[in-house]
Amino acid sequence: MNAAVRRRLLRAAPAAVLLLAVGACSSDAQETTPAAPSSASVSRGQQDTTAPTPPSPSGSIAMDIRVTLDGRPVEATLNDSPPARDFAALLPLTLNLEDFHGIERVADLPRKLDTSGAPEPVAARAGDIAYYAPWGNLALFYRDGPATSADLLVLGHLDVSADQLGRATRITIEAAS
């Protein structure tokens, strides 16, 4: 079993225990601070198809994506939620990132995502790729989020150090081939 598959299985284990398809878990119950909108620029290219990976222990199918942060490749996966599939339909994307509250990097998306059928909300964890629905922005958490919020949807996860993610200024996200 290769390292990437082991990492996906380890990330999915808490989700299976909590019966969540988003691959993250939380026990916090306080209100969250919303991700702020940013004035980040967006570049869109042609849409690629995403090849699903084998089912995870929670029964969901994770979608591998190619991500580069400031020109450096990092491993990343989207969960199999309807909002994550809608996000994948926007790919490829190149976004400028801005810091928000010292816990996340944010960027505007070209359009709002369809959040119908979204799984139960969970608090974002360091490395999570999330979508803040009221403002339509992407949030990349380099520290754990403060609490669960129905407005914040976890879309996937980045395998990257908090330090690298916290300093990132540009992200490119593409469908895996």
Side-chain angles (χ1 to χ4, degrees), residues 4 7-38 50 52-53 55-67 69 74-91 93 95 97 100-109 111-162 165-166 168 171 173 175-176:
R7 281 192 297 272
R8 279 197 294 274
L9 288 173
L10 287 174
R11 280 197 312 267
V17 172
L18 296 174
L19 300 173
L20 298 175
V22 296
C25 63
S26 172
S27 61
D28 294 338
Q30 49 186 299
E31 292 294 318
T32 188
T33 304
S38 72
T50 302
T53 59
S56 70
S58 67
S60 68
I61 298 175
M63 298 176 278
D64 287 330
I65 52 175
R66 282 192 311 261
V67 173
L69 285 174
V74 298
E75 289 191 31
T77 306
L78 294 178
N79 60 49
D80 189 36
S81 67
R85 288 190 302 270
D86 193 31
F87 175 72
L90 294 174
L91 303 180
L93 290 172
L95 306 166
L97 300 170
F100 186 71
H101 283 309
I103 60 170
E104 63 190 281
R105 304 298 287 176
V106 297
D108 290 332
L109 293 175
R111 66 166 171 81
K112 288 192 171 197
L113 300 180
D114 180 1
T115 60
S116 59
E120 291 296 315
V122 296
R125 299 288 202 193
D128 279 349
I129 304 166
Y131 174 68
Y132 186 65
W135 293 332
N137 69 335
L138 188 68
L140 309 172
F141 284 82
Y142 59 93
R143 292 199 172 106
D144 289 350
T148 302
S149 167
D151 292 328
L152 186 68
L153 306 173
V154 174
L155 303 175
H157 193 80
L158 297 165
D159 288 330
V160 63
S161 73
L165 186 53
I171 187 170
I173 309 166

### Summary
Between the CG atom in Asp86 and the CG atom in Leu78, the distance rounded to the nearest 0.5 Å is 11.5 Å
#### Entry: Spatial distance of atom CD1 (Ile171) from atom CD1 (Ile129) [nearest 0.5 Å]
6.5 Å
### Gly156 to Asn79 - nearest heavy-atom pair and separation
N-ND2, 3.8 Å
### Query
Is a side-chain donor or acceptor of Asp144 paired with a backbone partner of Ala126 at a separation under 3.5 angstrom?
yes
### Message
Set out, in order, the CA-CA distance, both residues' side-chain angles and the distance that settles side chain to side chain contact (heavy atoms under 4.5 Å, CB included) for Leu90 and Ile173, then state yes or no.
### Response
CA-CA 9 Å; Leu90 294 174; Ile173 309 166; over 6 Å; no
### Query
What's the spacing between Arg85 CZ and Met63 CE if we round to 0.5 Å?
6.5 Å
### Message
How long is the straight-line distance from CG of Leu153 back to CG of Asp128, given to the nearest 0.5 Å?
### Response
11.5 Å
#### Entry: Closest heavy-atom pair and its distance - Ile103, Gly145
CD1-CA, 4.4 Å
### Task
Output, in order, the C-alpha distance, side-chain angles, deciding distance and verdict of side chain to side chain contact (heavy atoms under 4.5 Å, CB included) for Leu95 and Leu109.
CA-CA 8 Å; Leu95 306 166; Leu109 293 175; 4.1 Å; yes
### Query
What are the two closest heavy atoms between Ser81 and Pro119, and how far apart are they?
CB-CD, 3.6 Å
### Query
Which is it for Val154 and Phe141 under the side chain to side chain contact (heavy atoms under 4.5 Å, CB included) test, yes or no, and what are the steps along the way?
CA-CA 10 Å; Val154 174; Phe141 284 82; over 6 Å; no
## Note on the structure
Applying side chain to side chain donor-acceptor pair (under 3.5 Å) to Asp151 and not counting sequence neighbours gives none
## Note on the structure
Between Thr115 and Ala133, the two heavy atoms sitting closest are CG2-CB, 4.1 Å
### Query
Between atom CG of Leu155 and atom OH of Tyr131, what is the distance when rounded to the nearest 0.5 Å?
9.0 Å
### Query
If you round to the nearest 0.5 Å, how far is CG of Leu138 from CZ of Arg105?
12.5 Å
### Message
Tell me the closest heavy-atom pair linking Pro134 and Lys112, and the distance in Å.
### Response
O-NZ, 2.9 Å
### Minimum heavy-atom distance Thr148-Ala123, with the two atoms named
OG1-N, 3.3 Å
